[in-house]
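First up is the structure itself, then whatever we jot down about it.
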2 protein chains.
Amino acid sequence: MAKQNTVFKDAYNRCLKLLADTSSLPSEPELGQMLGVSRTTVRAILSRFEELQLIAWDKRKKSVLRQPRPDDYFPTEETDSLAEIIERSFMRRILAGGAEPGMQINELELAREIGTGTTSVREFLIRFSRFGLIEKRPNSHWILKGFTREFALELTEVREMFELRSAARFVSLPDDHSAWAELTQIEALHREILADIDSRYREFSELDEKFHLLVHKASSNRFIVDFYDIIAIVFHYHYQWNKTNARERNARALEEHLAYIEALRSHDPGKAEQACRRHLQSARETLLQSIP
Amino acid sequence: MAKQNTVFKDAYNRCLKLLADTSSLPSEPELGQMLGVSRTTVRAILSRFEELQLIAWDKRKKSVLRQPRPDDYFPTEETDSLAEIIERSFMRRILAGGAEPGMQINELELAREIGTGTTSVREFLIRFSRFGLIEKRPNSHWILKGFTREFALELTEVREMFELRSAARFVSLPDDHSAWAELTQIEALHREILADIDSRYREFSELDEKFHLLVHKASSNRFIVDFYDIIAIVFHYHYQWNKTNARERNARALEEHLAYIEALRSHDPGKAEQACRRHLQSARETLLQSIP
DNA sequence: AATCTGTCTATTGTAGATAAAAGACAGATG
DNA sequence: CATCTGTCTTTTATCTACAATAGACAGATT
């Protein structure tokens, strides 16, 4: 096995959904555009559709023959890229407990455990090292620095610097900047979720990421925007395995976000700073509380 | 060739220097400690010494038979690790001109050009990507974002935030903290170089890195300290291929450093901030001037 | 009793190979 | 004549293999 064909399988599944809505498919380049893959992959998908008698394919004509059935789809486990699998598996190990700071990380062992080659694990660890949770001893093992209190404090310190600066930039964005429209959308979503908080509070995590990323992007600084990756990944996995009081916590955060959004809208740097500080403070407390 | 034996060659060369000063070598573990390598490598070095009749080796006795000759050393080109070679080669391409922003980076081509396997190039690019100069299109090529004016501005913006905060921490470090002693050493070195600036101005680059790293370390924040890597690498290579007015520029920076150091010593946050700002401002200008 | 050496095993760094995916180009098509 | 398809080439993602290096353990030495 040289390369996993997850790109094919994932695009195939998405294409199957498109197929459900029309009687004929567009041109190959157009499909490639829609699915975010090359024509080579599009053609592989179309070939498979033809084999399974989903479409009749003759050059430019791709007419739908039948609706897709549930078993036409590839199982979702097979559509995750190797990098995603490794990431999830690794994050589970270090965030869901059982991993003490100072522990050694063994590439070979990890690879065996995940059922993959060492190269992919190695590349993952290199990419992951920028998050400050692991460190390499050259010619030797990696060391787990651990998701500790210090880590959380260092992370939030930088986050606060960056987000305060980004918020300050945000308020002075020109009125026709696309960020304002996005902010409106995000605000609406906040209100929707808040109105039905009991059943929809789980959607907060994703919305939180979207909102803060939007704020960070106002900085127009690649280092600030890139740093948000670290925050996002930590919060993402952290919340996934730490669900105490999720409902109340999320409700409170949503309210804070709304106040923060209003402050941004006011174009008043002072108000924005205040609202930003208030929210970051409680985000910090939440994070710290959940560390043993 | 599976692995380059550069660790061996480099440690061998360094051990040869040790050998020049004594009549017998210490124990294997001790040598390993001194050279920063494992006993396996130490034993490989000793075996080679024995072969070349540099020492007589019988268990714990390693008596020097003759002084090393220049041709006993491995050529320095052979002691650089592959990662260093790739880094240098790559940085030359992108900083020493000829590389337009937006250009595609081809792993295979780079590997062929450097004369190495694709794996190493790939891992280098992944590690390097955190510097914000390149970006990956998944399943496709890398894109060179280039050492542009925007890059420099974004870099210095973050640098200034981080260094101001670090300097503020520095002044409140307790008197018995080791940083003060290091600061004294660094200050002395500044005066030495300044006293003989015409012939020693080239030493500034290394000293500059040491000094700012010391300041950043006072933050006790891994993200701030790690970020300094980016600054260091940019300045390092940048100055290496950009030597206009190096003497005057370095002299001026040394003076600014001395003022900055004095301000840190005063334990006065206000003074420190002012001196820090002044130096960062001129560092920024210098960097910007040298971008086309 | 502590440290060292001899020997052996495990892991990392790197090359090379290969399937998947991207992409280039010429001729076909509307 | 602009866009599409068929075909072919190139590049990336990933696996496997292997030398260099690290590291473990038992017996030897001071």
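All heavy atoms count here, side chains included; hydrogens, waters and symmetry mates do not. Note that the structure is predicted; figures quoted are calculated from it, not measured. Sequence lines set the chain letters: A, B, ... in the order given, protein chains first and strands last, and positions in each chain run from 1.
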Check your understanding: Does A/Ser140 get its side chain close enough to the base of D/dA22, under 3.5 Å, for a donor-acceptor pair?
Key -> no
Point to revise | Which nucleotide in D/dT11, D/dT16, D/dA13 has an atom nearest any side-chain atom of A/Thr119 | key: D/dT16
Revision key, fill the gap. Here the residues of residues 15-25 of chain A within 4.0 Å heavy-atom distance, strictly under, of DNA chain D are none
Review point. Is there a side-chain polar atom (N or O) of A/Ser27 under 4.0 Å from OP1 or OP2 of D/dC4?
Key: yes
Review point. What is the distance from CD1 of B/Ile143 to C1' of D/dT12, rounded to the nearest Å?
Key: 15 Å
Check your understanding: With respect to the phosphate group of D/dA13, does any side-chain polar atom (N or O) of B/Lys136 fall under 4.0 Å of OP1 or OP2?
Key -> yes
**Study point:** Atom pair distance, as rounded to whole Å: CD in A/Glu123 and C1' in D/dT12
**Key:** 10 Å
**Study point:** Parallel, tilted or perpendicular: ring planes of A/Phe162 versus B/Phe162, cut at 30 and 60 degrees
**Key:** parallel
Exercise for review: Fit a plane to each ring of A/His212 and A/His216, take the angle between them on a 0 to 90° scale, and name the class: parallel (under 30°), tilted (30 to 60°) or perpendicular (over 60°).
Suggested key: perpendicular
Check your understanding: Under 3.5 Å, is there a donor-acceptor pair between the side chain of A/Asp80 and the main chain of A/Ile85?
Key -> no
**Study point:** Modelled atom types, side-chain donor and acceptor of A/Tyr237 and A/Glu87, under 3.5 Å
**Key:** yes
Practice item. Provide, to the nearest angstrom, the distance between the CD atom belonging to B/Glu109 and the P atom belonging to D/dT10. Key: 13 Å
Study note, to complete from the structure: Atom CG of A/Asn106 and atom C1' of D/dG23 are separated, to the nearest Å, by 12 Å
Review point. Would you call A/Arg137-A/Glu135 a salt bridge at under 4.0 Å N-O?
Key: yes
**Study point:** Span of DNA chain C, from the first to the last nucleotide whose atoms fall under 4.0 Å of chain A heavy atoms
**Key:** C/dT11 to C/dT29
Exercise for review: Identify whether the distance between the nearest side-chain nitrogen and carboxylate oxygen of B/Glu182 and B/Lys210 falls below 4.0 Å.
Suggested key: no
Review point. Is B/Asp226 salt-bridged to A/Arg130, going by a charged N under 4.0 Å from an acidic O?
Key: no
Review point. So B/Phe90 and B/Phe128, would you call those rings parallel, tilted or perpendicular, with 30° and 60° as cut-offs?
Key: perpendicular
Review point. Separation of B/Gln104 atom CD from D/dT11 atom P, in whole Å?
Key: 10 Å
Point to revise | Sugar-phosphate only, base, or nothing, as touched by A/Thr6 at under 4.0 Å among non-hydrogen atoms | key: sugar-phosphate
Check your understanding: Closest nucleotide of DNA chain C for A/Lys9 versus for B/Ala2: which of these residues is on the 5' side?
Key -> B/Ala2
Check your understanding: Roughly how many Å is it from CD in B/Gln4 to C1' in D/dC18, rounded to a whole number?
Key -> 13 Å
Exercise for review: Could you state the atom-to-atom distance from CD of A/Glu28 to P of D/dT7 in whole Å?
Suggested key: 11 Å
Point to revise | Most 5' of B/Thr118 and B/Gly36 on DNA chain D, judged by nearest nucleotide | key: B/Thr118
Review point. NA contact type, B/Lys62, heavy-atom cut-off 4.0 Å: base, sugar-phosphate, or nothing?
Key: sugar-phosphate
Review point. When you check the gap from the basic side-chain N to the acidic O, do B/Arg66 and B/Asp72 get nearer than 4.0 Å?
Key: yes
Exercise for review: Please tell me which of B/Val42 and A/Ala83 maps to the more 5' nucleotide of DNA chain D, matching each residue to the nucleotide holding its nearest heavy atom.
Suggested key: A/Ala83
Check your understanding: Is the phosphate of D/dA13, meaning OP1 or OP2, less than 4.0 Å from a side-chain N or O of B/Arg122?
Key -> yes
Exercise for review: Mind checking A/Ser120 for me? I need base, sugar-phosphate or nothing, with any heavy atom below 4.0 Å counting as a touch.
Suggested key: sugar-phosphate
Exercise for review: May I have the distance from B/Leu125 (atom CG) to D/dT11 (atom P), rounded to whole angstrom?
Suggested key: 15 Å
Exercise for review: Between B/Ser81 and A/Ser38, name the one whose nearest nucleotide on DNA chain C is closer to the 5' end.
Suggested key: B/Ser81
Practice item. Sorted by first residue and then second, give each ring pair (Phe, Tyr, Trp, His ring centres under 6.0 Å) pair with at least one member in residues 14-48 of chain B; sequence neighbours left out. Key: none
